[in-house]
Every structure is written in C-alpha cells, then in structure tokens.
Amino acid sequence: MSFNLSLTCLQYTSTEQESVTLKAIKPLIIEAVNHGSNFIALPECATSLQSNPEQTKKITTTEAENISLQTFIEIAKNNKIYVLIGSLPIKLEHKIANRSFLIGPGGDILYRYDKIHLFDVKLPNGEIFKESETYSPGYQAIIATIEQKNKIKIGMTICYDLRFPHLYQDLAQNGAEIITVPSAFSNTTGPIHWHTLLQARAIETGCFIVAPAQTGHHQCGRNSFGHSLIISPWGEILADAGKDVCFINTIIDLGEVKKARLAIPSLKSHKRYLTNF
C-alpha cells in the first residue's frame with residue numbers, strides 16, 4: 001500500500017550567529033507548516049557557519065546546552081511535525097560531532113547521525129577545506145523509521161557522504177525508501193556535481209532523495225551553491241529551490257519506490273566477482 005508524505009526542504013544562508021539564523025528560519029517553518037508540510041528538512045550547519053575551526057569549537061555545546069536543538073524540539077512538538085536538523089556541531093566527551101537529528105512530532109529526538117565522511121579537499125581554484133580539523137568522523141550508518149503504522153524508512157546522510165555510493169547502496173538494500181542529504185555544498189563544485197550526484201544516488205537506489213541546502217554568501221566568507229532538491233526514485237527532479245532563500249515542498253507517494261525497484265531491480269541484481277588485482 002502506498003503512503004503519501006508532504007516533504008519540505010528549507011533553503012537559507014546560515015550566519016555566524018545562531019540566534020540570527022534561527023530568527024530567519026522560523027518564518028520559513030511557519031509558512032511550510034501552513035502549506036501542509038508534515039516533514040521539514042534543514043541543511044547542514046543548520047544555524048551557524050564559522051570562519052575557522054577554532055571559532056566552531058568555541059561556540060560548540062553539548063546537546064543539553066544547544067539552543068538550536070532545543071528550539072527545533074519545541075517547533076516539532078508545537079506543530080506536531082517531523083523536523084530533520086541537517087547538522088549541528090555537538091560537543092561529546094573527547095570530540096566534536098557534525099550531527100544530524102530527526103525530531104518527532106512529540107518533540108523527541110528519534111535518531112542521531114554523525115557525519116561519516118569528512119570534507120578534506122583542495123579544489124582546483126585553490127580553496128581548501130579540512131573538516132577533520134573541527135570534527136571527528138561518525139562510524140554508524142542510520143536508517144530512521146517513522147510513522148510506525150506505515151513504517152517509512154529514511155536513510156540519514158550529510159553532504160560529502162554523497163560522494164560515497166556504497167553508503168547509499170547499503171541504506172537502500174536495508175530498507176531505506178527516502179535518503180536525506182542536508183548540505184552546505186561548495187559553490188565551486190556545485191554547478192558541476194550537485195545535481196548529477198544526487199540524481200545518480202536516486203537512480204542507483206530507487207529512493208527519494210531529499211537534499212536541503214545552504215545558499216548564497218555567508219558571513220564567514222564561504223559561498224554555498226543552493227539548489228535544494230527533491231528527487232524521485234526514477235531520478236526525476238520534483239523540486240529545485242534555485243538560489244533563493246525559500247522552501248520547496250512536494251507530496252511524495254512512497255509507492256513509487258516499489259515501482260522503480262520492480263522496473264530496474266539493480267539492488268537485487270548485485271553480483272560478487274573475482275578480480276585479478
């Protein structure tokens with residue numbers, strides 16, 4: 001039996017000040033709820049982007065102390081919606097995690113996912129990103145289950161994970177029907193890679209891909225590509241936010257996952273093979 005879910009991706013430009021970003025996010029959430037959304041997804045670095053690792057470490061708190069987390073818990077509870085926080089920097093005992101949260105309609109933290117693949121790269125234009133100077137990598141893939149009656153399964157990933165297809169294959173082969181990819185994607189690689197990689201992950205897995213993204217020029221000096229996307233299991237772009245501060249919303253029919261996987265059963269056709277290397 002198919003089940004419809006009203007999905008929203010928020011797109012905006014995180015500042016260095018958590019409180020300022022939260023003030024900009026709240027009207028988007030209210031509008032999305034009024035639009036009928038029952039699942040709202042926020043991008044990576046959901047409420048702040050800093051100019052250097054030292055500043056990120058300085059503003060990082062534990063979950064209990066995190067103002068953004070507590071704010072989104074209240075929003076989810078008051079509006080009886082699911083909220084996917086793309087990521088927040090969270091202080092653990094001996095490290096900092098780049099952590100995504102799925103908050104339920106009752107205000108409970110249902111699932112946590114710590115970003116596994118950290119963005120350590122040097123781009124052709126000279127830009128250098130070294131996420132490992134700030135964060136420790138996660139080690140566990142996560143599939144969230146929501147709507148217990150219908151058992152909707154959602155794979156949780158973050159940004160640079162997108163370039164590691166085996167993770168997405170594993171999520172899909174273990175039941176994921178939707179995969180979230182909250183991102184702060186570079187404006188350098190975005191025009192070439194963003195749409196292509198996300199559509200490839202959708203086609204390869206037969207999943208809906210939900211990718212809320214940061215956009216525009218940030219206070220810290222970074223530039224994000226925007227173009228939050230919702231993509232069907234067939235690889236069709238259902239909604240594209242472009243470069244604006246806005247939200248996109250799509251009502252998805254999870255029956256489309258089964259149709260796509262029956263048409264091209266690549267998840268079941270995987271074969272082991274010998275090598276000569």
Side-chain angles (χ1 to χ4, degrees), residues 6-18 20-32 35 37 39-51 56 68 72 83-89 98 100 115 117 119 121 123-125 127-129 131 156-163 168 178-202 208-232 235-250 252:
S6 181
L7 287 172
T8 293
C9 292
L10 300 192
Q11 179 167 287
Y12 52 86
T13 311
S14 281
T15 68
E16 291 180 332
Q17 288 80 36
E18 183 179 28
V20 173
T21 307
L22 282 169
K23 188 176 179 180
I25 293 170
K26 287 178 181 178
L28 289 174
I29 293 177
I30 292 169
E31 190 177 353
H35 197 72
S37 179
F39 188 107
I40 295 178
L42 285 69
E44 182 184 27
C45 304
T47 55
S48 69
L49 262 172
Q50 306 301 319
S51 57
T56 300
S68 294
F72 292 128
V83 175
L84 178 89
I85 306 172
S87 79
L88 298 170
N98 192 5
S100 183
K115 187 176 184 180
H117 301 99
F119 192 49
V121 302
L123 300 179
N125 67 352
E127 284 183 298
I128 297 174
F129 298 89
E131 203 171 16
M156 298 172 68
T157 71
I158 300 174
C159 202
Y160 192 50
D161 287 329
L162 179 60
R163 296 181 182 272
Y168 292 75
I178 300 167
I179 300 178
T180 54
V181 197
S183 299
F185 216 76
S186 163
N187 202 46
T188 302
T189 56
I192 305 167
H193 296 162
W194 177 246
H195 288 73
T196 301
L197 287 172
L198 287 167
Q199 286 180 282
R201 297 296 88 84
F208 283 96
I209 298 293
V210 179
Q214 295 279 350
T215 192
H217 182 71
H218 298 274
Q219 187 181 14
C220 66
R222 285 184 56 174
N223 291 288
S224 292
F225 180 59
H227 289 278
S228 297
L229 297 175
I230 302 173
I231 303 174
S232 80
E236 176 189 4
I237 294 175
L238 302 176
D240 184 334
K243 302 289 276 186
D244 296 334
V245 172
C246 64
F247 71 87
I248 53 174
N249 176 266
T250 300
I252 66 168

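Quick caveat: nothing in here was measured; it's all calculated off a predicted structure.
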TODO: Would you mind reporting whether L10 and I29 have side-chain heavy atoms less than 4.5 Å apart?
DONE: yes

Open item on the list: When you compare the side chains of E18 and S68, does any donor N or O come within less than 3.5 Å of an acceptor on the partner?
Closed with: yes

TODO: Applying side-chain contact (heavy atoms from CB on, under 4.5 Å) between I158 and each of C45, S183, P43, S87, report the one that passes.
DONE: S87

Open item on the list: When you measure from the side chain of W194 to the backbone of H227, do you find a donor-acceptor pair of N or O atoms at a distance under 3.5 Å?
Closed with: yes

Task: Rounded distance (nearest 0.5 Å) linking atom CG of D161 with atom CG of L197 - done: 12.0 Å

TODO: Enter the distance from I237:CD1 to I248:CD1 here, rounded to the nearest 0.5 Å.
DONE: 10.0 Å

Task: Where S232 and A202 come nearest, the two heavy atoms and their spacing - done: O-CB, 3.4 Å

- [ ] Would you mind reporting whether Q11 and F247 have side-chain heavy atoms less than 4.5 Å apart?
- [x] no

Open item on the list: Working note: E16 + L49, criterion side-chain contact (heavy atoms from CB on, under 4.5 Å); need CA distance, chi angles, decisive distance, verdict.
Closed with: CA-CA 5 Å; E16 291 180 332; L49 262 172; over 6 Å; no

Open item on the list: Show the nearest heavy-atom pair for residues S14 and A46, with the distance to one decimal.
Closed with: OG-O, 3.2 Å

TODO: Decide yes or no for I178 and I252: does some side-chain heavy atom of the first lie under 4.5 Å from some side-chain heavy atom of the second?
DONE: yes

TODO: Assess whether side-chain contact (heavy atoms from CB on, under 4.5 Å) is satisfied between S224 and T13, documenting all intermediate values.
DONE: CA-CA 8 Å; S224 292; T13 311; over 6 Å; no

Task: Atom pair CG/CD of N187 and Q214 - distance to nearest 0.5 Å - done: 12.5 Å

TODO: Verify the distance criterion only: is there a donor paired with an acceptor across the side chains of T47 and T21 at less than 3.5 Å?
DONE: no

Open item on the list: Rounded to the nearest 0.5 Å, what separates atom CG in L42 from atom CD1 in I85?
Closed with: 7.0 Å

Open item on the list: Please find the pair of heavy atoms, one from D240 and one from G242, that lie closest to each other, and give the distance.
Closed with: OD1-N, 2.8 Å

Task: Verdict with reasoning, T157 to Y168, per side-chain contact (heavy atoms from CB on, under 4.5 Å) - done: CA-CA 9 Å; T157 71; Y168 292 75; 2.7 Å; yes

- [ ] Determine whether Y12 and I25 make a side-chain contact, defined as any pair of heavy atoms from C-beta on separated by less than 4.5 Å.
- [x] yes

TODO: Decide whether N249 and S6 meet the rule of one side-chain donor and one side-chain acceptor closer than 3.5 Å.
DONE: yes

- [ ] Search all heavy atoms of K243 against all heavy atoms of T215 and return the closest pair with its distance.
- [x] O-OG1, 2.9 Å

- [ ] Count the heavy atoms belonging to other residues, nucleotides or ligands that lie under 6.0 Å from NZ of K23, then report whether that count exceeds 12.
- [x] no

Open item on the list: In the structure I gave you, are the side-chain heavy atoms of L28 and V245 within less than 4.5 Å of one another anywhere?
Closed with: yes

TODO: Examine the side chains of E236 and Q199 and answer whether a donor and an acceptor come within less than 3.5 Å of each other.
DONE: no

TODO: Could you go through the side-chain contact (heavy atoms from CB on, under 4.5 Å) check for L229 and H195 one step at a time?
DONE: CA-CA 8 Å; L229 297 175; H195 288 73; 3.8 Å; yes

Task: Q50 side chain reached by C220 side chain, heavy atoms, under 4.5 Å - done: no

Open item on the list: Is there a side-chain contact between C9 and V210 in this structure, where contact means two heavy atoms from C-beta onward sitting under 4.5 Å apart?
Closed with: yes

Task: Any donor-acceptor N or O pair under 3.5 Å, side chains R222, H217 - done: no

Task: S228 (side chain) donor-acceptor with A213 (main chain) under 3.5 angstrom - done: yes

Open item on the list: Using 0.5 Å steps for rounding, measure from the NE2 atom of H35 to the OG1 atom of T8.
Closed with: 7.0 Å

Open item on the list: Quick check: closest heavy atoms across T180 and P182, and the distance to 0.1 Å?
Closed with: C-CD, 3.5 Å

Task: H117 to K115 - nearest heavy-atom pair and separation - done: O-CE, 3.2 Å

Open item on the list: Less than 4.5 Å apart, side chain to side chain, heavy atoms only: is that true for F119 and E44?
Closed with: no

Task: OG1-CD1 distance between T250 and I230, expressed to the nearest 0.5 angstrom - done: 4.0 Å

